[in-house]
Engineer: 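Let me give you the structure first, and then I'll get to my questions.
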Amino acid sequence: MNLYENNHLNIKSWAEEDRPREKLLLKGKSALSDAELLGILIGTGIQNMTAVDLAKLILQSVSNDLNQLARLTVKDLSKFKGIGEAKAITIVSALEIGRRRKDSEAPKRPQITCSRDAYEVLKPHLMDLPHEEFWIILLNRANHVLKCERISSGGVSGTVADPKMIFKVALENLCSAIILAHNHPSGNLTPSQADKNLTKKLREAGTYLEVPVLDHVIFTDKAYLSFADDGLL
C-alpha cells in the first residue's frame, strides 16, 4: 500500500483538542505522541497528508526508534516527499538539541540542612553590601534550593519587606517552604523588634498558605544569626 495515497483530513478540520499545537497547549507536551511532536516541527503537510501523517511515515522508516531518527541527515530526510531542506534542517536541529540536553548534567541544587547552609547560599547575594536587602530562599520538599529572590533593597539601616510580595513570589514558584533573610551592614546581629514582628507575621501567613517559614537569617559579612537556632521563630 502506498502510504502517500491515504486520504486524511486536513489538520485544521480535526477537533481542536486533537490538533498537535492545540493539544500541547491544552494537555501539555507529555500528552503528544512522537508523531505529533515531529508533526509540529514539520509544520505543514502535502496533498492528502497532514504533517502528522508525514511524521508517521518518517518514524516508520526508522522502526519508530528516535535514536535511529537522530542519525538521519538533512539529505536523508529530504528524500521524503513534503520534506524540503528547511524542514529537514529544523528536524535535525531539534534532535541535536535533545542530544545535547541528554549529554549535559543538570546542575545540582544545594540542599539546606542547617542555618550554616543558608548562610553559605546567601553569601554571593549579600556579601559586602553597604545597604540592607531582604531576600528569600525558595525550597522544594527536600529542602533543595529552587532559587534565591531579592524582595527589596533599602538604606543603610533598613529595608521594607512586603508580605504580599514575599508570598506572591513563593506561590508563583510553587515552592514548599521559604527561608527569610536580610543583611545588617553594620555587623550588628541583634534582631530589632520590627524584625521579630515581621517574622511572626510571615510565619503565621505561611502556615495558612502551606508555605512554612523555616528560618529568618540575619546576615553579616563575618557571621549570622538564625531565628530558628535561637528559638525566635
Side-chain angles (χ1 to χ4, degrees), residues 1-111 136 138-142 144-150 165 167-178 209-211:
M1 179 179 69
N2 187 342
L3 291 172
Y4 286 111
E5 293 177 357
N6 288 343
N7 187 16
H8 290 277
L9 295 173
N10 186 282
I11 285 179
K12 291 182 179 179
S13 67
W14 297 5
E16 184 170 317
E17 63 270 19
D18 290 330
R19 301 176 200 166
R21 291 183 181 84
E22 287 78 0
K23 186 175 178 181
L24 188 148
L25 291 172
L26 288 171
K27 299 181 180 180
K29 58 190 178 184
S30 61
L32 274 65
S33 67
D34 292 344
E36 288 170 326
L37 291 170
L38 185 55
I40 290 175
L41 293 175
I42 293 171
T44 57
I46 57 176
Q47 187 176 8
N48 295 329
M49 293 193 76
T50 66
V52 175
D53 291 329
L54 281 174
K56 289 179 180 178
L57 188 67
I58 294 170
L59 286 169
Q60 285 177 23
S61 75
V62 292
S63 303
N64 293 301
D65 185 337
L66 294 180
N67 290 311
Q68 288 188 45
L69 178 65
R71 296 189 184 101
L72 297 184
T73 64
V74 170
K75 186 176 180 180
D76 293 331
L77 290 165
S78 297
K79 293 177 181 178
F80 291 91
K81 186 177 179 181
I83 305 296
E85 185 178 68
K87 290 182 179 179
I89 288 172
T90 297
I91 295 169
V92 169
S93 298
L95 291 167
E96 175 62 14
I97 288 175
R99 184 193 66 78
R100 294 184 186 186
R101 179 177 182 268
K102 185 178 178 181
D103 289 345
S104 64
E105 290 187 6
K108 291 184 178 179
R109 298 181 186 275
Q111 186 178 35
I136 57 175
L138 307 173
L139 304 171
N140 65 14
R141 289 188 180 277
H144 287 108
V145 177
L146 297 175
K147 65 188 297 190
C148 296
E149 185 86 8
R150 183 174 65 182
M165 180 59 67
F167 284 104
K168 177 178 181 289
V169 172
L171 293 172
E172 285 178 347
N173 285 275
L174 300 177
C175 70
S176 296
I178 60 174
L209 293 171
E210 297 183 350
V211 183

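Since the model is a prediction, treat every value here as computed from it, not as a measurement. The first residue of the sequence shown is numbered 1, and numbering continues consecutively from there.
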Engineer: By side chain to side chain donor-acceptor pair (under 3.5 Å), which residues pair with Q111, not counting sequence neighbours?
Structural biologist: none

Engineer: Taking all heavy atoms of A94 and all of L41, pick out the closest pair and write down the distance.
Structural biologist: CB-CD1, 3.7 Å

Engineer: Which distance, rounded to the nearest 0.5 Å, do you find between the CZ of R21 and the CG of L32?
Structural biologist: 11.0 Å

Engineer: Any side-chain heavy-atom pair from K87 and L77 closer than 4.5 angstrom?
Structural biologist: no

Engineer: Working to the nearest 0.5 Å, report the span between CD1 of I136 and SG of C148.
Structural biologist: 9.0 Å

Engineer: Suppose we screen for side chain to side chain donor-acceptor pair (under 3.5 Å). Which residues come up paired with R150, at least two apart in sequence or across chains?
Structural biologist: E133

Engineer: Going from CD1 on I40 to NZ on K23, what distance comes out if it is rounded to the nearest 0.5 angstrom?
Structural biologist: 10.0 Å

Engineer: Output all residues satisfying side chain to side chain contact (heavy atoms under 4.5 Å, CB included) with S63, sequence neighbours left out; order by chain, then residue number.
Structural biologist: none

Engineer: For R71, give me all partners under salt bridge (Lys or Arg N to Asp or Glu O under 4.0 Å), at least two apart in sequence or on another chain.
Structural biologist: none

Engineer: Rounded to the nearest 0.5 Å, what separation is found between the CD1 atom of I58 and the CG atom of L72?
Structural biologist: 8.5 Å

Engineer: Got a list of side-chain donor-acceptor pairs under 3.5 Å for residues 167-175, not counting sequence neighbours?
Structural biologist:
residue : atom : partner : partner atom : Å
K168    : NZ   : E172    : OE2          : 2.8
N173    : ND2  : V169    : O            : 2.8

Engineer: Using side chain to side chain donor-acceptor pair (under 3.5 Å) as the criterion, list what pairs up with K56, not counting sequence neighbours.
Structural biologist: none

Engineer: Who are the side chain to side chain contact (heavy atoms under 4.5 Å, CB included) partners of D34, not counting sequence neighbours?
Structural biologist: L59, L66

Engineer: Once side chain to side chain contact (heavy atoms under 4.5 Å, CB included) is applied, do any residues pair with L25, and if so which ones, sequence neighbours excluded?
Structural biologist: none

Engineer: Do the side chains of V145 and L139 get nearer than 4.5 Å, heavy atoms only?
Structural biologist: yes

Engineer: Please report the closest heavy-atom contact between L95 and A70, naming both atoms and the distance.
Structural biologist: CD1-CA, 3.8 Å

Engineer: Under the salt bridge (Lys or Arg N to Asp or Glu O under 4.0 Å) rule, collect the residues that match up with R109, sequence neighbours excluded.
Structural biologist: none

Engineer: Going from CG on L69 to CG on L38, what distance comes out if it is rounded to the nearest 0.5 angstrom?
Structural biologist: 6.0 Å

Engineer: Could I get the full list of side chain to side chain contact (heavy atoms under 4.5 Å, CB included) partners for S78, not counting sequence neighbours?
Structural biologist: V74, A88

Engineer: For E85, enumerate each residue passing the salt bridge (Lys or Arg N to Asp or Glu O under 4.0 Å) test, keeping only those at least two apart in sequence or located in another chain.
Structural biologist: none

Engineer: Looking only at heavy atoms, what is the nearest atom pair of A55 and G39, with distance?
Structural biologist: CB-N, 3.7 Å

Engineer: What pair of heavy atoms forms the shortest contact from L54 to T44, and how long is it?
Structural biologist: CD1-O, 4.0 Å

Engineer: What residues, two or more places apart in sequence or in another chain, satisfy side chain to side chain donor-acceptor pair (under 3.5 Å) together with S93?
Structural biologist: none

